[in-house]
Structure formats: C-alpha cells, structure tokens
Student: 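What follows is a structure written as structure tokens; I'll ask about it next.
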Amino acid sequence: MFIQVGAFSSRFNADRLQQRLQRKLSQPIRIQQAENQATVMFRVQVGPIASVEQADNLSLQLADLGIDDLRIVIE
C-alpha cells in the first residue's frame, strides 16, 4: 500500500516534492512514471505502508505539511 501525494506532468516538480517530503518523513518516497494517452505523469508516492494504522498516522503527518489531497494505492 502507498499514499499518493501528487501527480505532475513535470519530473522537476515531482522531484521537488519528493525531496521536501524526504526531509520531513521517515518513510521512503518514490516517483512512479505512468503514461496516460500520450501524456507522461510522475506520481509521487509514500511507502510501502504495512498497515491501515500506519497509513492513518502518515496521513495526519502529511496534513500537517499541507498535503491533504491523498490517494491510497494498493499494489
């Protein structure tokens, strides 16, 4: 399970968010590249996350950082 915290058409913007979060969180942050109808998107995701409780706590930490538009990604 991952928490997606942003999706960008610019790799630069995805990298900036990743770097900002790495300074604040103890969780790994990854960037997943995805193509959607000839458009490349860079999705910034926190995790993997082992439990729902951990995801809830992480969501609160992200909200404190001003990130409240989250999506749960299950792989």
Side-chain angles (χ1 to χ4, degrees):
M1 178 172 32
F2 295 84
I3 297 178
Q4 183 168 309
V5 294
F8 303 92
S9 59
S10 163
R11 176 67 191 228
F12 177 78
N13 289 336
D15 286 338
R16 282 183 38 203
L17 179 57
Q18 180 188 38
Q19 291 168 5
R20 177 179 157 218
L21 293 178
Q22 282 178 333
R23 289 191 299 267
K24 303 287 184 179
L25 302 175
S26 61
Q27 293 290 325
I29 318 284
R30 72 179 188 178
I31 297 176
Q32 292 287 100
Q33 182 174 327
E35 290 187 35
N36 184 9
Q37 297 180 358
T39 301
V40 177
M41 297 297 295
F42 299 95
R43 298 176 180 156
V44 182
Q45 299 174 342
V46 181
I49 302 165
S51 68
V52 173
E53 292 81 17
Q54 188 181 9
D56 289 343
N57 290 335
L58 192 52
S59 295
L60 292 174
Q61 290 177 357
L62 290 164
D64 287 343
L65 296 173
I67 299 172
D68 54 5
D69 185 18
L70 309 173
R71 296 193 184 354
I72 300 295
V73 177
I74 298 174
E75 292 184 352

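Atom set for the values below is all heavy atoms of this structure, side chains included, hydrogens, waters and symmetry mates excluded. Position 1 is the first residue of the sequence, and the numbers go up from there. Only a predicted model underlies this, so the values are computations on that prediction, with no experimental measurement involved.
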Student: Closest heavy-atom contact between I49 and A55?
Tutor: CG2-N, 3.6 Å

Student: Answer with yes or no whether the hydrophobic clustering places M41 together with I72; edges join I, L, V, M, F, W, Y residues whose side-chain heavy atoms lie under 4.5 Å apart.
Tutor: no

Student: Looking at every non-hydrogen atom in both residues, tell me the closest pair between Q18 and R30 and how far apart they are.
Tutor: NE2-CA, 4.1 Å

Student: Measuring from atom CD1 of I29 to atom NZ of K24, what distance do you get when rounded to the nearest 0.5 angstrom?
Tutor: 12.5 Å

Student: Would you say I31 ends up clustered with F2 if hydrophobic residues are merged whenever their side chains have heavy atoms under 4.5 Å apart, either directly or through other cluster members?
Tutor: no

Student: Go through the structure and list residues passing side-chain hydrogen bond (donor to acceptor under 3.5 Å, both in side chains) with D68, not counting sequence neighbours.
Tutor: none

Student: For residues 6-15, dump all side-chain donor-acceptor pairs below 3.5 Å to protein atoms at least two apart in sequence or in another chain.
Tutor:
| residue | atom | partner | partner atom | Å |
| --- | --- | --- | --- | --- |
| S10 | OG | F12 | N | 3.2 |
| S10 | OG | N13 | N | 3.3 |
| R11 | NE | D15 | OD1 | 3.0 |

Student: Out of curiosity, L25 CG to I67 CD1, how far, rounded to the nearest 0.5 Å?
Tutor: 7.5 Å

Student: By side-chain contact (heavy atoms from CB on, under 4.5 Å), which residues pair with Q33, not counting sequence neighbours?
Tutor: V40, F42

Student: Give the cluster check for L62 versus M1: same hydrophobic cluster or not, with ILVMFWY residues linked at side-chain heavy-atom distances below 4.5 Å.
Tutor: yes

Student: Can you hop from L58 to V73 via hydrophobic side chains spaced under 4.5 Å?
Tutor: no

Student: Could you state the interatomic distance from CZ (R71) to CZ (R43), rounded to the nearest 0.5 Å?
Tutor: 10.0 Å

Student: Rounded at 0.5 Å granularity, tell me how far CG in L21 sits from CD in Q45.
Tutor: 12.5 Å

Student: Say you draw a straight line from CD of Q22 to CG of L17; how long is it, rounded to the nearest 0.5 Å?
Tutor: 10.0 Å

